[in-house]
Amino acid sequence: MAVNAAARRPANAVRHDTRLALALLAIFLAISAVLAIAPATRSDWLLENVITFLALIWLIFSYRQRPLSRLACILLFVFGVLHEIGAHYQYSEVPYDHWFATISGGQSLDAMLGFERNQYDRLVHFLYGLLITPVAAEVICARVRLRGVWQFLLPVTFMMSHALIYELVEWFAASVFAADVGQAYLGTQGDVWDAQKDMFLATLGSLIAQPLWMWHRRDS
């Protein structure tokens, strides 16, 4: 029985779009340049963007060898913009509650949901798991043939390890730099369980994203 040629090709080879990737990269760099102007704290902005710049360099050079799908590029772009907003304002000071009050006639989102702290960092940790898991799964599956339950487990545990490593990086940076810079970078806002909650939210996002990505990949 003849096998459809498209079915034999890697999914990202069918769905990648270099023009879209370049357009998203250009828009992201433009947004990043604007948000780099007069951030809340320049030292914290630099710390927040070290990993981002390294990841961007890796993505640019690796794309030529293994292009990412359109979906992966869009997810990376959305997450990157959300991160740059956090870096500009300092995560614990992103004025989302003020923005919500402006469009809702003065209502407070934090008050409505019972939040006692700025939740932007928690949102981004959750979205890291939700948005980046499909990208990680695509990269892993392009290099390793996964079968059965490993198609689900390996990308999720990969993301869990990243969430752990990031918390360790935050702790190390806070220990090395001046107290005010380190605390701004940590952004715990007085919560002694901040690191654990951040890792949990990233894991939760990953657990939600991976079944959806597997379904999407099956139907692609």
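We count residues from 1, following the sequence as given.
Within 6.0 Å of CE on M160 lie no more than 12 heavy atoms contributed by other residues, nucleotides or ligands. More than 12 heavy atoms of other residues, nucleotides or ligands sit less than 6.0 Å from atom CZ of R143.
If you chain together hydrophobic residues whose side chains sit under 4.5 Å apart, Y120 and W45 never meet in one group. Neither I51 nor F61 shares a network with the other; the hydrophobic side chains, linked directly or stepwise wherever heavy atoms of I, L, V, M, F, W or Y lie under 4.5 Å apart, form separate groups for each. No continuous path of hydrophobic side-chain contacts links I85 to L46 [ILVMFWY only; heavy atoms under 4.5 Å]. Note: the hydrophobic cluster containing F200 does not contain L164 (ILVMFWY, side chain heavy atoms under 4.5 Å, direct or indirect links). Residues L22 and L59 fall into different hydrophobic clusters, defined by Ile, Leu, Val, Met, Phe, Trp and Tyr side chains chained together at heavy-atom separations under 4.5 Å.
Annotation: the span from T102 atom OG1 to Q107 atom CD amounts to 12.0 Å, rounded to 0.5 Å. In this structure, CG on L71 lies 12.5 Å from CZ on R217, to the nearest 0.5 angstrom. Distance check, rounded to the nearest 0.5 Å: CD of E167 to NZ of K197 gives 12.5 Å. To the nearest 0.5 Å, atoms CG (L25) and OG (S32) are separated by 9.5 Å. Atoms CG and CG, on D97 and L109 in that order, are 6.0 Å from each other to the nearest 0.5 Å.
When every heavy atom of G129 is checked against every heavy atom of M159, the shortest pair comes out as CA-CE, 4.3 Å. Scanning both residues, P211 and I208, for their nearest heavy atoms gives CD-O, 3.4 Å. A pairwise comparison of heavy atoms in F77 and L24 identifies CD1-O, 3.5 Å as the closest pair. Across all their heavy atoms, V94 and G86 have their closest contact at CG2-CA, 3.9 Å. Scanning both residues, A38 and H88, for their nearest heavy atoms gives O-CE1, 3.5 Å. Counting all heavy atoms, side chain and backbone alike, P134 lies closest to A209 at CD-CB, 4.1 Å.
Between the N49 side chain and the T52 main chain, no donor and acceptor come within less than 3.5 Å of each other. A distance-only check finds a donor-acceptor pair linking the side chain of T203 to the backbone of M199 [under 3.5 Å]. Panel note: side chain T41, backbone D44; no donor-acceptor pair is recorded below 3.5 Å.
Between L207 and F152, some side-chain heavy-atom pair lies under the 4.5 Å cut-off. Residues P39 and R42 have side chains in contact (heavy-atom distance under 4.5 Å, counting atoms from C-beta outward). Taking the side chain as every heavy atom from C-beta outward, L76 and L68 approach each other to under 4.5 Å. By the 4.5 Å heavy-atom criterion applied to side chains, I57 and I60 are not counted as neighbours. Side chains of V78 and L82 form a contact here, defined as non-hydrogen atoms less than 4.5 Å apart. Annotation: side chain of F28 is in contact with side chain of E84 (closest heavy-atom distance under 4.5 Å). With contacts defined as side-chain heavy-atom distances shorter than 4.5 Å, the pair N118/Y96 qualifies. Side-chain contact between P95 and F100: absent, with no pair of heavy atoms (C-beta onward) separated by less than 4.5 Å.
With 3.5 Å as the limit, one finds no donor-acceptor pair spanning the side chains of T133 and Q210. Residues H162 and Y128 bring a donor and an acceptor atom of their side chains to less than 3.5 Å of each other. Defined by atom type and a distance below 3.5 Å, a donor-acceptor pair is present between the side-chain atoms of Y91 and H83.
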List the steps and the verdict of salt bridge (charged side-chain N to carboxylate O under 4.0 Å, His left out) for D194 and R117. CA-CA 11 Å; D194 182 71; R117 71 190 292 279; 3.4 Å; yes
Between D198 and R122, does the side-chain contact (heavy atoms from CB on, under 4.5 Å) criterion hold? Intermediate values first, please. CA-CA 6 Å; D198 289 347; R122 296 271 165 82; 3.3 Å; yes
For C141 and W213, what are the C-alpha separation, side-chain angles and deciding distance, and is it a side-chain contact (heavy atoms from CB on, under 4.5 Å)? CA-CA 12 Å; C141 289; W213 181 82; 3.8 Å; yes
Show your reasoning for whether side-chain contact (heavy atoms from CB on, under 4.5 Å) applies to L130 and S206. CA-CA 5 Å; L130 187 70; S206 185; over 6 Å; no
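Taking the six-membered ring for Trp and thresholds of 30 and 60 degrees, Y63 and H16 have ring planes more than 60 degrees apart, a perpendicular arrangement.
For F158 and W150, the distance between ring centers is not under 6.0 angstrom.
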